[in-house]
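Have a look at the structure below, then the notes.
Within every chain, numbering begins at 1; the chains are lettered A, B, ... in the order of the sequence lines, protein sequences first and strands thereafter.
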2 protein chains.
Amino acid sequence: MYTRTEENYLKAIYSLSKKEGKDVSTNSIADRLDTKASSITDMIKKLSAKKLVSYTKYKGVNLTKKGEKIAVEIIRNHRLWEVFLVDKLQFKWDEVHELAEQLEHVKSEKLINNLEAFLGFPKFDPHGDPIPDRLGVLPKREESKTLDEMLEDEKGVIVGVKNSEIEFLQFLEEHDLTLGKTITVQKRFSFDSSKVIGLNGESITLSEQVCKNIILKTS
Amino acid sequence: MYTRTEENYLKAIYSLSKKEGKDVSTNSIADRLDTKASSITDMIKKLSAKKLVSYTKYKGVNLTKKGEKIAVEIIRNHRLWEVFLVDKLQFKWDEVHELAEQLEHVKSEKLINNLEAFLGFPKFDPHGDPIPDRLGVLPKREESKTLDEMLEDEKGVIVGVKNSEIEFLQFLEEHDLTLGKTITVQKRFSFDSSKVIGLNGESITLSEQVCKNIILKTS
DNA sequence: CTTTATTTTTAGATTAATCTAAAAATATTA
DNA sequence: TAATATTTTTAGATTAATCTAAAAATAAAG
Ligand SMILES: [Mn+2]
Ligand SMILES: [Mn+2]
Ligand SMILES: [Mn+2]
Ligand SMILES: [Mn+2]
């Protein structure tokens with residue numbers, strides 16, 4: 001139906017428009033996909049001709065309903081494959097993203113629906129990101145906040161991360177800061193917004209940067 | 001490492017040279033891949049430059065050790081994915097080939113090795129074809145013959161098919177002629193080489209064409 | 001051993017996705 | 001607002017994979 005490249009553009013535009021709200025700029029897509037702005041302009045014209053994005057020169061793009069539907073489908077594929085790799089094939093959460101980037105483009109509705117059933121209809125992927133159902137509806141997470149927003153003595157369970165880069169995930173893994181772990185804020189230093197937290201009976205110091213990227217459910 | 005197209009050419013050359021013995025001709029590859037002969041010549045030059053095939057103009061091609069290694073790797077991927085689809089995701093044996101054609105190109109040694117372990121190190125795919133191990137070694141099947149070669153009153157267990165086209169597989173499925181079934185040759189008609197066989201206590205007539213494409217282990 | 005038929009290769013085009021360099025539009029700042 | 005900087009688009013090339021049509025090589029028939 002659509003080429004792998006087209007799908008990757010749609011996915012990039014989708015997540016950029018979620019993150020930045022407004023129209024998505026040529027340069028931001030170029031950054032995200034690690035290509036040149038001129039290539040983006042070309043592809044945008046193609047996507048626009050196919051009614052997958054709405055585009056006005058110099059003003060940026062937005063996904064149409066049609067374009068968004070495809071983007072969400074690919075995201076669904078991506079996240080279900082990540083669950084498969086972690087739950088069934090013994091992969092760690094920092095090893096699955098690149099592979100899922102390949103697997104997400106395999107074309108078969110039956111495959112992905114059967115895979116979903118095989119995995120027990122998971123609602124979140126190994127990084128805590130929501131998995132769209134077959135209609136494209138994203139599950140809502142219960143009330144949650146970032147560790148950065150938590151106060152001293154507050155307690156919470158890790159339910160997701162905002163950054164899925166390998167180095168960050170490995171850092172968390174090494175400190176046993178994985179999904180489902182319960183932590184308590186022991187101290188907050190106002191001069192740099194770093195925190196000391198309690199985990200497994202031990203204390204760890206975490207930078208503001210780290211705290212901003214951990215999502216918790218506070219009871 | 002190699003493009004999807006290159007991999008498909010190598011796979012085609014591999015199976016054609018197994019089937020036909022001698023040098024593989026440009027036209028036979030074109031037929032197999034449903035492309036024009038001129039495209040084949042172009043690609044062969046590319047593969048030759050990469051030392052994946054040995055090629056002399058007008059004389060056809062053969063895989064080098066390097067080329068064969070890649071072809072066998074892709075076949076390993078293909079067959080393991082087929083097992084996954086049938087054993088874990090409820091696919092029928094006539095539904096998996098096209099999907100496996102996509103999945104076989106996903107690049108990750110760890111993925112395929114973990115998948116193999118997850119599946120319990122299967123030796124044959126859903127069509128009875130041998131699955132190369134991680135070193136590229138193909139398991140040997142026990143003594144077997146085609147139904148066409150069997151004599152009256154001879155008994156055997158279906159262990160594979162020589163033709164994996166959807167229509168043929170569906171035909172077999174409808175008659176419950178699936179892997180593992182035991183059948184007995186009840187009668188052979190010499191005028192057209194058709195046979196009446198016994199299966200599940202019933203009798204079925206099968207054409208020579210069909211008999212030539214069913215592989216059995218005779219006790 | 002010629003002539004004819006078939007197969008294979010070459011030449012030249014096309015399409016998708018990318019790039020560099022330059023031009024045009026928009027945004028910033030003095 | 002005018003000058004400057006940044007962003008975006010256009011123009012022209014490149015690479016991979018394919019095609020059609022024509023030329024060259026090989027094989028088959030007479
Ligand atoms: Mn991912
Ligand atoms: Mn994820
Ligand atoms: Mn197959
Ligand atoms: Mn098979």
Side-chain angles (χ1 to χ4, degrees), chain A residues 1-14 16-17 19-63 67 70-71 74 101-102 104-105 107, chain B residues 1-14 16-17 19-63 67 70-71 74 101-102 104-105 107:
Chain A
M1 200 66 166
Y2 300 101
T3 68
R4 173 173 300 221
T5 310
E6 287 170 339
E7 290 178 349
N8 283 333
Y9 272 77
L10 294 174
K11 203 161 52 111
I13 296 168
Y14 178 88
L16 289 169
S17 80
K19 202 173 62 179
E20 296 169 8
K22 51 184 182 294
D23 296 325
V24 178
S25 73
T26 302
N27 267 350
S28 64
I29 304 172
D31 275 7
R32 169 65 66 103
L33 295 179
D34 208 38
T35 49
K36 301 295 169 177
S38 54
S39 308
I40 306 296
T41 304
D42 278 352
M43 179 58 79
I44 281 174
K45 285 178 186 166
K46 222 174 84 181
L47 297 176
S48 183
K50 295 186 181 184
K51 310 277 186 206
L52 296 167
V53 301
S54 60
Y55 167 59
T56 15
K57 265 192 195 174
Y58 295 102
K59 301 284 180 179
V61 281
N62 271 295
L63 294 182
I70 295 162
I74 304 298
E101 290 286 315
Q102 294 185 59
E104 70 187 8
H105 300 289
K107 259 101 197 145
Chain B
M1 198 67 165
Y2 299 101
T3 68
R4 172 173 300 224
T5 310
E6 287 170 338
E7 290 178 350
N8 284 333
Y9 271 76
L10 295 173
K11 203 161 53 110
I13 296 167
Y14 179 87
L16 288 169
S17 80
K19 200 174 63 179
E20 296 169 9
K22 51 186 182 288
D23 296 325
V24 179
S25 74
T26 302
N27 267 350
S28 64
I29 304 172
D31 275 8
R32 169 65 66 101
L33 295 178
D34 208 38
T35 49
K36 301 294 171 179
S38 54
S39 308
I40 306 297
T41 304
D42 278 352
M43 180 57 79
I44 281 174
K45 284 178 184 165
K46 224 174 82 180
L47 296 176
S48 182
K50 294 187 181 184
K51 309 278 185 204
L52 296 167
V53 300
S54 61
Y55 167 58
T56 15
K57 266 193 196 174
Y58 296 101
K59 300 284 180 178
V61 281
N62 272 294
L63 294 182
I70 295 162
I74 305 298
E101 290 286 313
Q102 294 183 59
E104 70 187 9
H105 300 289
K107 257 105 200 141

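- Rounding to the nearest 0.5 Å places CE of B:M43 at 9.5 Å from CG of B:N8.
- To the nearest 0.5 Å, atoms CD1 (B:I74) and CG (B:L10) are separated by 8.0 Å.
- A:D34 has its CG atom 13 Å from the C1' atom of C:dC19, to the nearest Å.
- Regarding contacts with the backbone of D:dT9, every side-chain N or O of A:S38 stays at 4.0 angstrom or more from both OP1 and OP2.
- Between A:S39 and C:dT18 there is no side-chain N or O to OP1 or OP2 distance below 4.0 Å.
- Counting non-hydrogen atoms under 4.0 angstrom, B:T35 reaches the backbone sugars and phosphates but no base.
- C:dT7 atom P lies 16 Å from atom CG of B:D23, rounded to whole Å.
- Rounded to the nearest 0.5 Å, atoms CG (A:N27) and CZ (A:R32) are 14.0 Å apart.
- Phosphate proximity of C:dT6 to B:N27: absent, as no side-chain N or O sits under 4.0 Å from OP1 or OP2.
- In terms of phosphate contacts, A:K45 brings a side-chain nitrogen or oxygen within less than 4.0 Å of OP1 or OP2 of D:dT10.
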Inset, instruction - Evaluate the criterion side-chain contact (heavy atoms from CB on, under 4.5 Å) for residue pair B:T41 and B:Y55; output intermediate values, then yes/no. - result: CA-CA 10 Å; B:T41 304; B:Y55 167 58; 4.0 Å; yes

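- Considering only side-chain N and O atoms, B:Y58 lies nowhere under 4.0 angstrom from the phosphate OP1 or OP2 of C:dT6.
- The distance between atom CE of B:M43 and atom C1' of C:dT9, rounded to the nearest whole Å, is 16 Å.
- Per the geometry, CD1 belonging to A:I44 stands 11 Å off P belonging to D:dT10, to the nearest Å.
- Comparing A:T5 and B:S25 against DNA chain C, the residue whose closest nucleotide sits nearer the 5' end is B:S25.
- In this model, the phosphate group of C:dT9 is approached by a side-chain N or O of B:T26 to a distance below 4.0 Å at OP1 or OP2.
- Between B:Y9 and D:dA16 there is no side-chain N or O to OP1 or OP2 distance below 4.0 Å.
- Across C:dT10, C:dA16, D:dT10, the shortest atom-to-atom separation from the side chain of A:T3 is found for C:dA16.
- Separating the CG atom of A:D31 from the P atom of D:dT6 is a distance of 15 Å, rounded to the nearest angstrom.
- One finds a side-chain N or O of B:K57 lying less than 4.0 angstrom from the OP1 or OP2 phosphate oxygen of C:dT10.
- Taken from NZ in B:K50 to CD in B:E6, the straight-line distance is 3.5 Å, to the nearest 0.5 Å.
- Among the atoms of the strands shown, none is found under 4.0 Å from any heavy atom of A:K59.
- At whole-Å resolution of the value, CD1 in A:I29 and C1' in D:dT9 are 14 Å apart.
- One can place CD1 of A:I40 at 21 Å from P of D:dT6, the figure rounded to the nearest angstrom.
- The distance from atom CG of A:D42 to atom C1' of C:dT15 is 13 Å, rounded to the nearest whole Å.
- Here the nucleotide nearest the side chain of B:K36, chosen from C:dT8, D:dC19, D:dT8, is D:dC19.
- Residue B:Y55 places at least one side-chain N or O under 4.0 Å from the OP1 or OP2 atom of C:dT9.
- One N or O on the side chain of B:K107 and one on the backbone of B:H105 form a donor-acceptor pair closer than 3.5 Å.
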